[in-house]
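Reading through the structure tokens given below for one structure.
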2 protein chains.
Amino acid sequence: MTFSLITGGAGFIGTNLARVLLERGFKVLVIDDLSLGRRDALPDVPDDGRLLFRQVDCADAEALGRAVMDAGIVVSEVWHLAANSDIPAGVEDPSVDLHRTFLTTFGVLKFMREFRVPSLRFASSSAIYGDHAGASLTETTGPWEPVSNYGAMKLASEAQIRAAVESWLQRADIFRFPNVVGIPATHGVILDFVRKLNRTPGVLDVLGDGAQCKPYIHVKDLVNAMLHITGQSGKYVVFNIGPADQGASVRLIAEAVRDHVSPDAEIRYGLGSKGWVGDVARVNYDISRLAATGWSSSRTSIEAVQQAVLDIAVQEARR
Amino acid sequence: MTFSLITGGAGFIGTNLARVLLERGFKVLVIDDLSLGRRDALPDVPDDGRLLFRQVDCADAEALGRAVMDAGIVVSEVWHLAANSDIPAGVEDPSVDLHRTFLTTFGVLKFMREFRVPSLRFASSSAIYGDHAGASLTETTGPWEPVSNYGAMKLASEAQIRAAVESWLQRADIFRFPNVVGIPATHGVILDFVRKLNRTPGVLDVLGDGAQCKPYIHVKDLVNAMLHITGQSGKYVVFNIGPADQGASVRLIAEAVRDHVSPDAEIRYGLGSKGWVGDVARVNYDISRLAATGWSSSRTSIEAVQQAVLDIAVQEARR
């Protein structure tokens with residue numbers, strides 16, 4: 001009974017990944033502490049033992065090991081997605097990112113070493129690069145100077161994983177995500193805007209001047225890219241993931257949400273190019289390494305945003 | 001009563017730094033958990049309150065804060081040197097580097113934020129770069145892929161500090177050390193070789209083929225460079241530190257120790273270019289950023305090694 005284990009598997013990206021892995025015939029053990037994830041967001045599949053769930057904090061390697069032993073399964077790969085996704089919360093209190101992003105990676109690695117799990121797939125982030133003022137970012141562009149604790153703990157996690165590959169881990173895939181949009185949305189700019197307009201339909205207040213411009217990927221394209229990457233050869237495999245475009249601006253996102261949710265609303269912008277401490281105003285993501293493997297996103301950044309606005313508006317209407 | 005606080009201040013580099021800071025008129029609070037440092041290695045100065053010592057694990061921010069309050073002093077800068085210096089120990093058990101290298105940085109930052117200490121000087125390492133197979137390493141050369149948990153936790157510490165500078169920390173100096181030699185030696189290749197020859201004067205067994213080549217700096221030059229760097233302008237100040245040469249080989253070090261300690265000994269080399277998992281065989285360190293500020297080392301790598309052999313042989317004879 002060989003399973004794929006997904007940490008953070010009840011979260012935004014984890015539930016989408018679990019669904020696709022099940023569709024492709026994998027058996028899946030979802031691990032989630034339910035601090036951000038929701039059990040009812042898991043795929044609605046027959047209770048035939050192909051999808052298991054355990055509520056565990058994966059920073060606790062012993063608890064993770066007990067959960068796997070109790071389930072009586074063998075884990076062949078870990079998709080480590082568990083992390084704090086609330087960047088401002090981690091700027092305010094660094095212990096949030098320490099525990100949920102960094103120590104979860106430490107715990108997962110400890111579990112994997114003890115249980116001889118050969119393969120780790122890790123959800124990293126463009127935030128590891130820091131603010132390069134719009135310069136093009138390949139997978140090797142230095143220096144790496146994250147400007148948020150979120151980015152710092154993602155980089156710190158990558159560093160741990162790289163050292164593990166040198167020592168005992170057979171393979172690691174490092175996925176450097178751009179902004180990811182879609183449902184079930186738990187955070188992010190589109191959800192913020194939709195909720196603001198649902199509360200005050202006449203006005204949408206935007207943090208920053210709206211000129212911030214970053215790449216966005218739809219979660220379905222992201223999951224597709226991750227699975228594609230795991231088919232590439234290598235031992236320590238690092239890819240930027242994103243659409244092949246210059247991204248979408250916050251102004252465009254605000255207008256897309258306004259047009260769909262509350263067409264008569266006034267959009268009011270703030271000052272400055274950054275939305276908050278730890279924000280990066282312009283990300284110019286070079287995805288040529290991924291493109292060279294033959295993968296491309298089915299949606300541009302703008303199309304991803306537009307699709308996610310539709311998805312999220314429906315999600316919020318059903319709450 | 002404004003003090004400089006040195007974490008790991010009873011260790012190899014810390015005691016040398018404390019001595020120079022005192023000579024330059026600073027008051028110094030040494031913090032050390034004495035897991036590797038030794039209290040009797042502290043500078044032998046008059047008990048006039050200019051040098052204080054507290055045995056504290058600086059990963060415990062509350063304990064650090066209590067020590068400072070009990071001493072009734074104000075801390076104007078922290079020199080964060082506390083770390084695990086035993087690289088193989090951290091490969092064997094990652095929790096060693098987690099606690100002694102990474103969580104000490106987390107604790108120090110937490111203390112500094114609460115006590116509004118404006119300035120952090122951090123002992124980082126060439127190990128953050130990983131193995132670039134002898135390619136030249138500037139401060140911005142990517143990717144940063146440490147091959148030991150030691151290097152991983154130093155990189156992880158840098159990342160935390162960078163994020164703190166974005167948010168609340170006024171200034172950080174990041175010193176990327178090469179191999180540092182001198183006394184009081186607690187670890188390292190020269191001490192290993194001296195002790196081996198003291199035990200078995202007829203033979204010196206060397207891990208690896210002896211071709212490993214890295215830059216070495218004498219601890220007195222290192223302290224001098226750190227103080228020079230703190231005089232440079234900037235908010236997040238990063239420098240590779242080292243001599244302006246191609247380094248010294250392990251073969252040269254073995255011969256220097258043999259010639260001084262036991263001239264008739266046979267040197268027996270092992271196989272392979274690396275001494276241990278997490279070792280980097282060739283480090284080609286670009287120090288042109290530091291040279292451009294007008295600083296240069298008083299000793300080459302080879303001279304630093306030769307001086308340290310003399311220093312350490314005397315230290316070991318007195319044990």
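For the numbers below, each heavy atom of this structure counts, side chains included, while hydrogens, waters and symmetry mates do not.
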Looking only at heavy atoms, which of residues 109-127 of chain A get nearer than 4.5 Å to chain B?
A/Arg113
Among residues 156-170 of chain A, residues within the sub-4.5 Å heavy-atom range of chain B, in order of number, are A/Ala156, A/Ala159, A/Gln160, A/Arg162, A/Ala163, A/Glu166, A/Ser167
If you count heavy-atom pairs within less than 4.5 Å of chain B, which of [options] leads?
options                                : answer
A/Leu98, A/Asn149, A/Leu155            : A/Leu98
A/Glu139, A/Glu92, A/Lys154            : A/Glu92
A/Gly151, A/Ala152, A/Ser148, A/Pro143 : A/Pro143

Please look at B/Tyr236 and chain A and tell me whether the side chain, the backbone, both or neither of the residue comes under 4.5 angstrom of a heavy atom of that chain.
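The side chain, not the backbone.
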Can you confirm if the aromatic rings of A/Phe102 and B/Phe102 lie within a centre distance of less than 6.0 Å?
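That pair passes the under 6.0 Å test.
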Starting at CZ of B/Phe106, measure out to CG of A/Asp97 and round the result to the nearest 0.5 Å.
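CG of A/Asp97 is found 9.0 Å from CZ of B/Phe106.
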Counting C-beta onward and ignoring hydrogens, is there a side-chain heavy-atom pair between B/Thr141 and A/Thr140 closer than 4.5 Å?
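No; the side chains remain at least 4.5 Å from each other.
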Please state whether the side chain, the backbone, both or neither of A/Leu103 comes within less than 4.5 Å of a heavy atom of chain B.
side chain
